[in-house]
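Since this is a predicted model, take the numbers as computed values, not measurements.
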Amino acid sequence: MKMEIKKFQIRFNVNSTNDTERWRLITNGSEMLVSDIIINGHTYTTMDWMEDIQEYKWHVSCEGYVNIENNVAYVITTKEDAVMTRHILKTLSYRILGTLTTVITAYSLGASLELSSLLGVGELLIKPVLYFFHERVWYKYIKIGNKKLWKKNI
């Protein structure tokens, strides 16, 4: 099932009398009251006109997917398809830079322009595939910080 990306506004619930309804998570006019909100991704501030109090109010905003467990809202602003697109675009841009470096280096070391270009085309066809899989291994299995290297994060 494909989840829909939504825009969320986050506000403190000033009417709350306990910790279970401390935060208001608002999207498309509906509101969810939760104890905590954990956002994995980009947030920004926005200011909206509040008709009921006749003034502007600031709040934190983000876009993504929400999952609520144990009264905690988890907002994820990146999904695997966006990550995959990023990996592919990063691979292509890196390869263009690498190929230009190979051609210029070979030519400056005395190889003919034809041979330098042939080397560039050869590595252009092989190295993107190697880099893509290298990037995926790092993304899936190698974590730095509190995570162990070479162990998939579950």
Side-chain angles (χ1 to χ4, degrees), residues 1-105 117 120-121 123-154:
M1 181 173 122
K2 188 162 177 118
M3 296 175 68
E4 177 185 347
I5 295 176
K6 295 181 180 177
K7 180 177 179 181
F8 295 98
Q9 298 171 344
I10 300 163
R11 298 187 188 135
F12 184 74
N13 184 6
V14 295
N15 298 322
S16 175
T17 58
N18 60 50
D19 289 344
T20 61
E21 297 179 342
R22 173 177 26 209
W23 293 101
R24 299 168 58 208
L25 187 64
I26 304 163
T27 184
N28 297 333
S30 66
E31 175 180 274
M32 295 171 270
L33 299 175
V34 294
S35 61
D36 293 294
I37 301 172
I38 298 172
I39 302 169
N40 178 12
H42 177 71
T43 60
Y44 51 95
T45 57
T46 55
M47 184 173 42
D48 288 328
W49 176 255
M50 308 304 295
E51 194 65 41
D52 53 338
I53 59 174
Q54 295 292 305
E55 66 180 55
Y56 284 100
K57 269 197 135 176
W58 286 95
H59 52 268
V60 175
S61 294
C62 63
E63 293 180 13
Y65 310 87
V66 69
N67 184 30
I68 298 177
E69 293 178 18
N70 299 322
N71 206 36
V72 176
Y74 295 88
V75 181
I76 302 168
T77 61
T78 56
K79 291 297 273 183
E80 185 61 28
D81 53 351
V83 170
M84 185 65 71
T85 301
R86 182 181 182 276
H87 288 320
I88 291 170
L89 292 174
K90 187 176 175 184
T91 299
L92 292 174
S93 68
Y94 183 78
R95 269 322 332 130
I96 290 169
L97 179 63
T99 299
L100 287 173
T101 302
T102 298
V103 171
I104 291 169
T105 302
S117 299
V121 169
E123 62 106 37
L124 180 62
L125 298 175
I126 296 168
K127 287 185 179 178
V129 175
L130 293 174
Y131 178 80
F132 177 80
F133 287 113
H134 177 262
E135 176 77 10
R136 293 299 296 163
V137 166
W138 270 85
Y139 177 75
K140 283 187 165 188
Y141 300 104
I142 300 173
K143 305 294 180 192
I144 298 174
N146 295 333
K147 311 281 192 264
K148 292 182 180 178
L149 295 179
W150 296 104
K151 185 167 184 168
K152 187 173 181 178
N153 184 22
I154 297 175

> Do Leu25 and Glu31 pass the side chain to side chain contact (heavy atoms under 4.5 Å, CB included) test, and can you show the C-alpha distance, the side-chain angles, and the key distance before you say yes or no?
Replying inline: CA-CA 6 Å; Leu25 187 64; Glu31 175 180 274; over 6 Å; no

> Between Glu63 and Lys6, does at least one N-O distance fall below 4.0 Å, as a salt bridge requires?
Replying inline: no

>> Looking at Glu21, is its backbone amide N or carbonyl O close enough to the side chain of Asn13 to form a donor-acceptor pair, meaning the two atoms are under 3.5 Å apart?
In response: yes

>> Suppose we screen for side chain to side chain donor-acceptor pair (under 3.5 Å). Which residues come up paired with Thr91, at least two apart in sequence or across chains?
In response: none

> Which residues satisfy the ring-ring contact (aromatic ring centres under 6.0 Å, His included) test with Trp49, sequence neighbours excluded?
Replying inline: Tyr56

>> Distance alone, cut at 3.5 Å: any donor-acceptor contact between the side chains of His59 and Thr45?
In response: no

>> Would you say that Arg11 contacts Trp23 through its side chain, given a criterion of any heavy-atom pair below 4.5 Å between the two side chains?
In response: no

>> Under the criterion side chain to side chain contact (heavy atoms under 4.5 Å, CB included), I'd like the reasoning laid out for Val66 against Phe8: C-alpha separation, chi angles, the key distance, then a yes or no.
In response: CA-CA 9 Å; Val66 69; Phe8 295 98; 3.7 Å; yes

> Is the shortest distance from a Lys or Arg side-chain nitrogen in Asp36 or Arg22 to a carboxylate oxygen in the other one below 4.0 Å?
Replying inline: yes

>> Please check: side-chain N/O of Thr99 versus main-chain N/O of Ile96, any donor-acceptor pairing under 3.5 Å?
In response: no

> Where do Val34 and Ile37 come nearest, in terms of heavy atoms and distance?
Replying inline: CG2-CG1, 3.6 Å

> Where is the tightest heavy-atom contact between Arg24 and Phe12, given as atom of each residue plus distance?
Replying inline: CD-O, 4.2 Å

> Asn18 and Thr20: which non-hydrogen atoms are nearest, and at how many Å?
Replying inline: OD1-OG1, 2.5 Å

> So, for Ser117 and Val103, which heavy atoms are closest and what is the spacing to 0.1 Å?
Replying inline: CA-CG2, 4.3 Å

> Any sub-3.5 Å donor-acceptor pair from Glu135's side-chain atoms to Phe132's backbone N or O?
Replying inline: no

> Can you tell me how far CZ of Arg95 sits from CG of Leu124, rounded to the nearest 0.5 angstrom?
Replying inline: 7.0 Å

>> Set out, in order, the CA-CA distance, both residues' side-chain angles and the distance that settles side chain to side chain contact (heavy atoms under 4.5 Å, CB included) for Ser61 and Ile10, then state yes or no.
In response: CA-CA 6 Å; Ser61 294; Ile10 300 163; over 6 Å; no

> Going through the checks in order, is the side chain to side chain contact (heavy atoms under 4.5 Å, CB included) test met by Met47 and Lys57?
Replying inline: CA-CA 5 Å; Met47 184 173 42; Lys57 269 197 135 176; over 6 Å; no

> Taking atom CG of Asp48 and atom CD of Gln9, what is their separation to the nearest 0.5 Å?
Replying inline: 5.0 Å

> Heavy-atom distance under 4.5 Å between the side chains of Arg136 and Tyr141, does that happen here?
Replying inline: no

> Sub-3.5 Å donor-acceptor pair from the side chain of Thr105 to the main-chain atoms of Thr102, do we have one?
Replying inline: no

> Once you round to the nearest 0.5 Å, how far does OG1 of Thr17 lie from CG of Asn15?
Replying inline: 9.5 Å

> Between Val72 and Ser35, what is the shortest heavy-atom contact and its length?
Replying inline: CG2-OG, 3.9 Å

